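Step one of this worksheet: look at the structure below.
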Amino acid sequence: MKTIIQNGTIVTATDIYKADLKIEQGAITAISNHFIPEKDDHVIDASGQYILPGGIDVHTHLAWPFQSTGTADDFVTGTQAAAAGGITSIINFTNPKKGQTLLDNLQEWKKKGESSLIDYGFHSIISEYTDHVLEELPILAEREGVTSIKLFMAYKGELMVNDREMYKIMKKAGEVGIITSIHAENGDLIDELVEESLAKGNTDPIFHAYTRPTITESEATGRALAIAEAANAHVYIVHVSCADALEKVERAKKRGVQAFAETCPHYLVLDESYLALPDFEGGKYVCSPPLREKWNQDHLWRGISSGLVSTIGSDHCPFRFEGQKTLGRDNFAKIPNGCPGIEDMFSILYHYGVQEGRISLQKFVEVMSTGPAKLFGLYPKKGSISVGFDADLVLFNPKIRREITKVKQYQNLDYNLYEGTVVQGAITRVLSRGEEIVRDGIVVGQKGRGQYLFRKKVANIEKTVTS
Ligand code: URP
Ligand code: ZN
Ligand code: ZN
């Protein structure tokens, strides 16, 4: 059976035009001014709607053990939320156990991923340097299609690696076509600032921001970029939150480093003042790097427009308020770090970006789909609307206004970061490889239908959109 989508407006990273789409066996097989459907065809009328490529969220922490607890969404609830929010592919982080090989760890994560509703891949986190890690990198890339790793410069004792280890790992990664993602914050300095703050009795959530000032992020970003340059490696700075860190990326790019930046919806629209909300409400907004002073947001938006920021990732790292965030009621350092975002990223970026005139609709597609697909080895199968691509599509009605609320969310949470925000536009249908997984805004796809994403090496990145 064929699916025909009629009368919609197709949007890619470069074009906006009216056309019909033909979908067969999960892929787009033709695009034309008008198709006359045959008797058995499944016809979808997209009049008045945009047809966008499905979002690709390359920064998720589903089913993720962290800081003495674990994230509240697993691969079922997390990918239902993703689908409702227009995301059709994710790349989730693994989290290795001490002494475990990367390959053994990956098998455990692939098993967890089997319940996913949308297509899924993994970035391997390396939190412990050993010689076997270097030997495993080419196997990860070639046999497993895992062509990205992640290193942390903070969370000492749990995830942090040192500069020397970073250099050795990045060098090998560069040689074998793996891109290295970096959490760039100066972990040692932060630990000292936290200790000082607690010693003075400063325990409220706002002190999470004060003990992780922008210099701790920009210094680490500059250092990561210098190490990548020395190692001749592709480097992807995750969750850039402030102007100073972004400037470091800009300078590195200018001197020829293969450097790429991601930011997240919460850094674009929320600010440090949320951490000071009374009655421990601020705890909901604790993530790292922390929310920043508002003036940074203009710099991040301009970075998206100019191409300095290549992708938007949700950094979906959800913890329930009751019982998880409240672990740190008397001590901000015990609040699990992370904010939800997978379900609302698409809407928030459209509303504050496109609707409010900060970015074009094509740029929206570029950072939500085409850019991540190119950087993380999924292009030209995912990331655009063209013949031969997977039919991962979002139908979006820009005329509908709706309120974001925890009452209607799929995220397994007792709060929503954007509660009460009224946004322009609504996702009406989502197709994943041609199959409707969201209809009239309701998730109808089955858990376990997602496929594992075997990804290409970084050397194959086309130097268009993301460079
Ligand atoms: O606060 C955050 N971002 N938590 C998730 C772990 C990470 O740093 O990405
Ligand atoms: Zn991080
Ligand atoms: Zn993260």
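Counting convention: from 1, in listed order, for ligands and their atoms alike. These numbers come from the heavy atoms of this one structure, side chains and all, not from hydrogens, waters or symmetry mates. Computed from a predicted model, the values in this text were never measured in an experiment.
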Nearest option to atom 2 (C) of ligand 1, as decided by whichever heavy atom of Cys264, Ala154, Ser288 sits closest: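 Comparing heavy atoms across Cys264, Ala154, Ser288, the nearest one to atom 2 (C) of ligand 1 lies in Ser288.
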Show which atoms of ligand 1 fall inside a sub-4.0 Å distance from at least one heavy-atom site of [X].
X	result
His183	7 (C), 8 (O)
Lys150	9 (O)
Cys287	1 (O)
His59	9 (O)
Asn337	1 (O), 2 (C), 4 (N), 5 (C)

Atom name of the N, O or S atom in His59 that lies nearest to the Zn ion (ligand 3): NE2
The Zn ion (ligand 3) reached by His61 (N, O or S, under 2.8 Å):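 Coordinating: yes.
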Counterpart residues, side-chain hydrogen bond (donor to acceptor under 3.5 Å, both in side chains), relative to Arg251 (two or more places apart): Glu247
For [atom], grab the closest protein heavy atom and report residue, atom and distance to one decimal in Å.
atom	value
atom 5 (C) of ligand 1	Cys317 SG, 3.3 Å
atom 3 (N) of ligand 1	Asp315 OD2, 2.7 Å
atom 9 (O) of ligand 1	His61 NE2, 3.2 Å

Ring geometry between Tyr120 and Phe122 (parallel below 30°, tilted from 30 to 60°, perpendicular above 60°): perpendicular
Whether Tyr155 and Phe152 hold their rings parallel, tilted or perpendicular, with breakpoints at 30° and 60°: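 Correct class here is tilted.
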Sub-6.0 Å ring centroid separation between His208 and Tyr285: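 No: the rings miss the under 6.0 Å criterion.
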His266 ring center within less than 6.0 Å of Tyr418 ring center: no
Side chain, backbone, both or neither: Phe93 near ligand 1, heavy atoms under 4.0 Å: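 Neither; nothing of Phe93 gets under 4.0 Å from ligand 1.
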Note: [X]-[Y] ion pair, threshold 4.0 Å (strictly below):
X	Y	answer
Glu142	Lys457	yes
Lys156	Asp188	yes
Lys110	Glu114	no
Lys253	Glu250	no
Asp104	Lys97	no

Glu262 and Tyr236: side chain donor to acceptor below 3.5 Å: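 Glu262 vs Tyr236: donor-acceptor pair found between side chains.
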N, O or S atoms of the protein lying under 2.8 Å from the Zn ion (ligand 2): His183 ND1, His239 NE2
Geometric cation-pi criterion, Lys284 with Phe321: 6.0 Å, 45°: yes
